[in-house]
Amino acid sequence: MSPLSACLVLSCLLFACGLGAVLIRRNAIVVLIGIELMLNAANLNFVAFWRYGPNPEALTGLMFALFALAIAAAEAAVGLALIIAVYRRHRSSDVDAADELRG
Amino acid sequence: MSVLFVLLAGLTLGAAWAAVTLRNLVHAALCLIGSLAGLGLIYIQLDAEFLGLAQILVYVGAVAILIVFAVMLVRGTEPLVGRLSTSPWLGGAITVLLAALLLWAVSKSPRLRAPTPPAPTVTVKAIGQQLTRDYVVPLQGIGLLLTAATLGAALIALPRRGSNPPSTPP
């Protein structure tokens with residue numbers, strides 16, 4: 001197995017862990033943890049393709065991963081604030097508790 | 001594929017699996033921190049030292065603290081039991097199918113067997129020059145986004161005055 005495919009397999013399994021958490025668990029914080037794992041799996045792909053790709057001197061994959069890191073930090077802050085707001089209103093961190101918009 | 005990579009990948013995957021399966025939210029948050037730190041070490045092993053250190057700084061330093069604080073603020077009245085969604089079997093089937101599809105695509109791709117190129121020399125100076133020359137507009141945009149996200153997070157999490165007073169403990 002080449003190093004690039006090893007990285008891709010690791011990233012794929014990390015993504016599956018995150019997706020499973022989002023689809024199966026009900027606690028909002030665990031759902032957020034799953035989203036973080038999926039973002040990081042995508043970031044690992046950027047870095048792996050940058051490192052083993054044809055033109056690593058251009059630094060494109062590295063820059064993209066750096067910006068994705070910053071966006072993930074902003075997303076975590078807003079997501080956790082939303083969880084706290086929903087908890088304050090419904091007294092529950094269950095994602096099924098906030099269902100006022102359900103038709 | 002070196003022994004070091006296998007060890008780090010095992011640490012990352014094991015911690016990620018524990019983070020999404022553990023019932024105790026504090027343990028899950030700690031396992032997430034371990035997984036993300038392992039990913040940072042993998043970045044360092046992939047010759048992206050700056051990104052690896054930034055990953056450890058941002059995730060282990062900042063996001064982990066945020067998650068632990070949210071667990072602390074939210075957990076109060078709830079038992080430490082994470083319930084499952086209404087259709088866990090469907091979610092599990094989708095997850096397994098997607099993982100199998102991605103693994104199949106990775107194993108079938110012919111371009112992944114290219115020889116490994118020599119390690120690029122990436123200095124922090126080169127990254128800084130790229131950031132301030134070619135990527136200066138995205139950099140300013142990220143600064144604006146982070147400011148807006150911080151203000152927005154504070155605004156969202158502020159208690160509404162008068163509408164829903166928090167119950168005071170006796």
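What you are looking at is a predicted structure, and each value in this text was computed from that prediction instead of being measured. First the proteins, then the strands, lettered A, B, ... as listed; each starts at 1. Because only heavy atoms are used, hydrogens play no part in the values below, and waters and symmetry mates are left out as well, while side chains stay in.
- Of the listed residues I84(A), V9(A), I33(A), I71(A), the one with more heavy-atom pairs under 4.5 angstrom with chain B than any other is I33(A).
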Query raised in the report: Between L8(B) and L10(A), is a side chain to side chain contact (heavy atoms under 4.5 Å, CB included) present by the stated rule, with each step listed?
Result: CA-CA 10 Å; L8(B) 288 176; L10(A) 171 64; over 6 Å; no

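- Using a 4.5 Å heavy-atom cutoff, the side chains of V122(B) and W50(A) are in contact.
- Using a 4.5 Å cut-off between heavy atoms, L158(B) contacts chain A through its backbone alone, with no side-chain atom that close.
- Among the candidates I94(B), L36(B), I127(B), the residue making the largest number of heavy-atom pairs closer than 4.5 Å to chain A is I127(B).
- For chain A, the option among A149(B), S109(B), A62(B), C31(B) with the highest count of heavy-atom pairs below 4.5 Å is A149(B).
- Interatomic distance, CG of L131(B) versus CG of L59(A), reported as 9.5 Å (0.5 Å rounding).
- The contact between L44(A) and chain B is made by backbone and side chain atoms together, counting heavy-atom distances below 4.5 Å.
- Under a hydrophobic-cluster definition in which Ile, Leu, Val, Met, Phe, Trp and Tyr are linked whenever side-chain heavy atoms come within less than 4.5 Å, directly or via other members, I24(A) and V96(B) are assigned to different clusters.
- Atom CG of D134(B) and atom CE of M63(A) lie 8.5 Å apart (nearest 0.5 Å).
- L98(B) touches chain A through its side chain: at least one heavy atom from C-beta onward sits under 4.5 Å away, while N, CA, C and O do not.
- Side-chain contact between P138(B) and F67(A) is present, with at least one heavy-atom pair separated by less than 4.5 Å.
- V58(B) and I44(B) fall within a single hydrophobic cluster, where Ile, Leu, Val, Met, Phe, Trp and Tyr side chains are chained together by heavy-atom contacts under 4.5 Å.
- A continuous path of ILVMFWY side-chain contacts below 4.5 Å connects I67(B) to L73(B), so both sit in one hydrophobic cluster.
- The two atoms that bring L46(B) and Y52(A) nearest to each other are CD2-OH, 3.4 Å, heavy atoms only.
- For chain A, the nearby part of L22(B) is the backbone; its heavy atoms alone come within less than 4.5 Å.
- Within the 4.5 angstrom heavy-atom criterion, atoms from both the backbone and the side chain of L82(A) approach chain B.
- Taking all atoms of both residues into account, the shortest heavy-atom contact from L14(A) to S35(B) is CD2-OG, 4.2 Å.
- In this structure, CG in L145(B) is found 11.0 Å from CD in E75(A), a value given to the nearest 0.5 Å.
- For the atom pair I42(B) CD1 and N40(A) CG, the distance stands at 10.5 Å (nearest 0.5 Å).
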Report task. Would you please test C12(A) and V106(B) for side chain to side chain contact (heavy atoms under 4.5 Å, CB included) and show each step? Result -> CA-CA 9 Å; C12(A) 166; V106(B) 168; 5.5 Å; no

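- Counting heavy-atom pairs closer than 4.5 Å to chain B, the top residue among L37(A), L4(A), V95(A) is L37(A).
- Atom CG of residue L102(B) and atom CZ of residue F15(A) lie 7.5 Å apart, to the nearest 0.5 angstrom.
- Heavy atoms of T150(B) lying under 4.5 Å from chain A are absent altogether.
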**Report entry** CA sep, side-chain torsions, deciding dist, call: L62(A), F50(B), side chain to side chain contact (heavy atoms under 4.5 Å, CB included)
**Finding:** CA-CA 9 Å; L62(A) 196 64; F50(B) 182 76; 5.8 Å; no

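- The minimum heavy-atom distance between R25(A) and V20(B), with the atom names listed, is NH1-O, 2.9 Å.
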Report task. Verify side chain to side chain contact (heavy atoms under 4.5 Å, CB included) between L66(A) and Y135(B), making sure each step is shown before the conclusion. Result -> CA-CA 11 Å; L66(A) 210 54; Y135(B) 296 94; over 6 Å; no

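- With a 4.5 Å cut-off on non-hydrogen atoms, F69(B) does not touch chain A at all.
- Using a 4.5 Å cut-off between heavy atoms, A68(A) makes no contact with chain B at all.
- Taking V30(A), L8(A), I29(A) one by one and counting their heavy-atom pairs under 4.5 Å with chain B, the maximum is reached by I29(A).
- With a threshold of 4.5 angstrom between heavy atoms, L66(B) approaches chain A through its backbone and through its side chain.
- When all heavy atoms are compared, the tightest approach of Y43(B) to V47(A) is CE2-CG2, 3.8 Å.
- Interface remark: L103(B) contributes backbone and side-chain atoms alike to the contact with chain A (heavy atom separation under 4.5 Å).
- Within the 4.5 angstrom heavy-atom criterion, atoms from both the backbone and the side chain of A9(B) approach chain A.
- Listed by chain and residue number, nothing satisfies the salt bridge (charged side-chain N to carboxylate O under 4.0 Å, His left out) test with E57(A) (two or more places apart in sequence, or in another chain).
- Residue F46(A) is not grouped with residue L13(A) when hydrophobic side chains (ILVMFWY) are merged at heavy-atom distances under 4.5 angstrom, including chains of intermediate members.
- Ranked by heavy-atom pairs under 4.5 Å with chain B, the first of L32(A), V78(A), V86(A), V31(A) is V78(A).
- A76(A) and V63(B) get closest at one heavy-atom pair: CB-CG1, 4.0 Å.
- Across L39(B), L155(B), L146(B), the residue that shares the most heavy-atom pairs under 4.5 angstrom with chain A is L39(B).
- Connection of L13(B) to L41(B) is established within a shared hydrophobic cluster, with ILVMFWY side chains joined at heavy-atom distances below 4.5 Å, either directly or through further cluster members.
- Scanning all heavy atoms of the two residues, the minimum distance from D47(B) to R51(A) falls at OD2-NE, 2.7 Å.
- The structure places CG of L51(B) at 13.0 Å from CZ of F64(A), a figure rounded to the nearest 0.5 Å.
- For chain A, the nearby part of L32(B) is the side chain; its heavy atoms alone come within less than 4.5 Å.
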